[in-house]
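See below for the structure under consideration.
Numbering of ligands and ligand atoms starts at 1, following listing order. For reference, positions follow the sequence shown, starting with 1.
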Amino acid sequence: MTPAMVRDRIFRAAPTVAVIVGAALAMDFLYNVVVMRRPDAFTPLTIFIIASIAGPLSFWLTDQKIRLERMHADLSASLDATQKAKDEADRRRQEAEDALVKLSEAERLYRLLGDNLTDHVALWTPKGERLYSSPSITRITGYSADEFMALPPTAMVSDADFKRVQGVIGRLTPGGPPASADYECFRKDGSAIWLESSYSRLGDGSGILLVTSRDITERKQLEMDIAKALEMAEAASAAKSDFLANMTHELRTPLTAILGFAEVLRRSRGLTRTAARQIGHILDASNTLLSVVNDVLDFSRLEAGGLELDPGPFDPAAMASSCAALVQERATAKGLKVVVRAAKGLAPMNLDGPRLSQVLLNFLSNAVKFTAHGTITVALGQVVEGDQAVLRGEVVDTGIGIAPEHREAIFDRFSQADAAVSRRFGGTGLGLAISRRIIERMEGRIGVDSIEGQGSTFWFEVRGPLADLPAPEAEDAPPLNADAGVRLLLVEDNAVNRELIRTMLEPFGIGVETAHDGVAGVEAMRQGQYDLVLMDVQMPVMDGLTATREIRAMEGARGVATPIVAMTANVLPEQIATCLAAGMDDHLGKPINPTKLLEAVARWSGRAHAA
Ligand code: ADP
């Protein structure tokens, strides 16, 4: 014990000692002196003896009290600390319990999600081993998640698809955008389904591959159904085109006889006026019918996407004049003037001239049809830009005009401004639709400006490269020499057509011998000598293409080939090309135009060439 502690205890014990001594003195005095009246029995010494015992005792007791107090304080402090530690432990336990509840809730939700996902989720290690598969794999493939985890990666896909998907995965970057692939997947029961999978590499440094897959069989089936329906629609459209081509062929054949004999009759002498007028009507009607047949055939080819442009150098000014010349007769008959206004120095261009002429001619025919009096003007202008130019063609009429609401629709197929107009003027409503497709195919523009009752301006604009015109062919068809005694073999199965050609050619001193099919034609060529062969293509027993090939093979031995001109209602470019490829020299489309027939005979007769 330190002196300070001793001092402390003395100070704290002193009052107690003083009280004990004082009380003993007072009791002794009161009892012996006041009550018993024996002052001699009053003994302060005894008191001092008591005091000397009470002092140390009191000191000791005080010390014990102090110790007990300190122990009590220590105990209280320790109890406080224990309580605090317990509170802290309770708080931590509560927190842990809360976290556990949250965790198990999250886990429950994840499991719920995993169990009820319709999509499949899988995780793969960077080495290509499976890490996790959601239970939805069973619904999709029929394999349990455990079975799936044990399957080799190639088990459910074809080798080709596996390689393709590996390629997709190989291009992924960690944390980068996902990539996806469709592929056919074979289920546990062997049936095939389509899956669409999305692949992504986790960007957390683990390199884990996350794959989510979904069953897209229904969608794929729908896509395949649509593709099939499209294929069928295309096949139907091709069948329609074939049908139209056949129909037009069948229509052309009788038209050949009608037009041909009407033309023969028109040229014959000694007709009465009435007969001549009636023959004129037959010719007009047949020509109209022919142009309708041509339009339908043309349009069916355009619809089928079969318009192949054939660009070549052409002279726009010459095109305008020849188109104007073609409608001149009809215009004059209606009292209309046709004027061509071509800008000075129009440069030749590299474009499909015949197709542009078709558009211009359609504008002109309509202008004549829908104009009662006045003038029809063909105007051509050109803007040259470097080695290119934009050509603008216009046909301006002073006719009935077109109401604003009809101006767009008349460029649609079978569309006419209104029913009354079509009844009054006739027509198929195909001409402008064909024209629009031609111009659009040339990446140009087509349109109409019009004031009702005053007239219309139909126009087109096309861009194309400037071109040099080739030098005109020196060799013109020589005039037909009736005395030359041309011997012609006509191979044609249709008796009416045989008679027609004979009637057309014999007045010009041409000797026409006939054969009614390919076999007879080849035989005739074997037996006789001819200056020219006119060969139909579609014939029974042997067609014209086969007959031509046989004739060419036969001639190969002789070294001299007789010109063969196809004479057929097959007028499509590819059909013409087939004729030439079979060994023919030229092509005449049916119905036969008498002038063109005579030109062809004049051009080819006597032009035997090396076989
Ligand atoms: P079609 O003349 O055979 O009926 P088109 O396609 O050439 O077919 O023309 C469609 C319609 O456009 C015509 O029926 C007519 O109503 C209108 N049309 C065309 N050209 C003219 C024109 N120059 N003036 C007035 N209307 C026209």
request  = Select one of side chain, backbone, both or neither to describe which atoms of Asn362 lie under 4.0 Å from any atom of ligand 1, heavy atoms only.
outcome  = side chain
message = With the threshold set at under 4.0 angstrom, would you say Ser365 reaches ligand 1 through any of its heavy atoms?
response = no
ask   = Is a side-chain donor or acceptor of Arg502 paired with a backbone partner of Val512 at a separation under 3.5 angstrom?
value = yes
task = Could you list which atoms of ligand 1 come closer than 4.0 Å to a heavy atom of Gly401?
result = 25 (C)
ask   = Do the side chain of Arg392 and the main chain of Glu461 share a donor and acceptor less than 3.5 angstrom apart?
value = no
message = I need the atoms of ligand 1 closer than 4.0 Å to a non-hydrogen atom of Ser456, numbered in the order shown.
response = 24 (N)
key: Worked check of side-chain hydrogen bond (donor to acceptor under 3.5 Å, both in side chains) between Asp585 and Trp604   = CA-CA 9 Å; Asp585 298 278; Trp604 289 105; over 6 Å; no
ask   = What are the atoms of ligand 1, with element, lying closer than 4.0 Å to any heavy atom of Gly431?
value = 5 (P), 6 (O), 7 (O), 8 (O)
task = Verify, without hydrogens or angle tests, whether Arg498 (side chain) and Thr514 (backbone) share a donor-acceptor contact under 3.5 angstrom.
result = no
message = At under 4.0 Å between heavy atoms, is it the side chain or the backbone of Asp397 that contacts ligand 1, or both, or neither?
response = side chain
note = Here the atoms of ligand 1 under 4.0 Å from any heavy atom belonging to Leu430 are 6 (O), 8 (O)
task = Tell me which part of Leu432 gets within contact of ligand 1: side chain, backbone, both or neither, using heavy atoms under 4.0 Å.
result = both
message = The criterion is side chain to side chain donor-acceptor pair (under 3.5 Å); which residues satisfy it with Ser456, sequence neighbours excluded?
response = Ser450
Lys220 bridged to Glu223 by N-O distance under 4.0 Å = yes
inquiry  = At under 4.0 Å between heavy atoms, is it the side chain or the backbone of Phe458 that contacts ligand 1, or both, or neither?
reply    = side chain
task = Decide yes or no on side-chain hydrogen bond (donor to acceptor under 3.5 Å, both in side chains) for Gln278 and Thr274, but give the supporting numbers first.
result = CA-CA 6 Å; Gln278 287 168 347; Thr274 313; over 6 Å; no
query = Between His406 and ligand 1, which part of the residue brings a heavy atom under 4.0 Å of the ligand: side chain, backbone, both or neither?
reply = neither
inquiry  = Distance alone, cut at 3.5 Å: any donor-acceptor contact between the side chains of Thr503 and Glu499?
reply    = no
ask   = Any non-hydrogen atom of Gly399 lying under 4.0 Å from ligand 1?
value = no
ask   = Lys369 heavy atoms, cut-off 4.0 Å: which ligand 1 atoms fall inside?
value = 1 (P), 2 (O), 3 (O)
request  = Run the numbers for me: atoms of ligand 1, each under 4.0 Å from some heavy atom of Ile402, listed by number.
outcome  = 25 (C), 26 (N), 27 (C)
Modelled atom types, side-chain donor and acceptor of Asn362 and Ser365, under 3.5 Å = no
